[in-house]
Amino acid sequence: VGLVLSIVGFSIARSNRRYAAEHGLKENNMNEAGYVCGLIGMISGIIAIVLTVLAIVALFAVAGGVYQYVILPEIM
């Protein structure tokens, strides 16, 4: 949920920045804060997904090793 909301916030802040630049308006600090927070949220969300996938792969690798070297010889 956090990754999706940070993408939405980042895209809204980006479009507001573009609108302000096109119409000669001064950009406010809240829009800049939304842009930065959205970017930080996206990066941390992607890192969390990558670490979760790596943890699951490591878990399956350990479970496969336990099965192959501990459980399987006892069955045979």
Side-chain angles (χ1 to χ4, degrees):
V1 173
L3 181 62
V4 173
L5 292 177
S6 66
I7 291 171
V8 170
F10 179 76
S11 64
I12 290 172
R14 187 173 167 198
S15 68
N16 286 342
R17 290 179 89 176
R18 191 175 298 145
Y19 180 82
E22 288 174 357
H23 291 86
L25 301 172
K26 182 181 174 189
E27 187 177 347
N28 60 8
N29 291 334
M30 294 299 285
N31 190 35
E32 187 173 338
Y35 184 80
V36 171
C37 288
L39 186 62
I40 291 171
M42 278 195 310
I43 292 171
S44 64
I46 291 170
I47 289 172
I49 289 172
V50 168
L51 290 177
T52 302
V53 169
L54 287 176
I56 291 171
V57 168
L59 180 66
F60 278 113
V62 168
V66 168
Y67 179 75
Q68 183 178 4
Y69 295 114
V70 176
I71 298 173
L72 193 59
E74 290 180 8
I75 295 173
M76 298 269 182

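L5 belongs to a hydrophobic cluster whose other members, connected by ILVMFWY side-chain contacts under 4.5 Å either directly or through intermediates, are V1.
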Could you give the side-chain donor-acceptor pairs of residues 41-51 under 3.5 Å, partners two or more places apart or in another chain?
residue	atom	partner	partner atom	Å
S44	OG	I40	O	3.1
S44	OG	G41	O	3.1

Side-chain donor-acceptor pairs of residues 54-61 under 3.5 Å, sequence neighbours excluded:
none

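Both Y35 and I7 belong to a common hydrophobic cluster when Ile, Leu, Val, Met, Phe, Trp and Tyr are linked at side-chain heavy-atom distances under 4.5 angstrom.
Note that CG of L25 is 14.0 Å distant from CZ of R17, once rounded to the nearest 0.5 Å.
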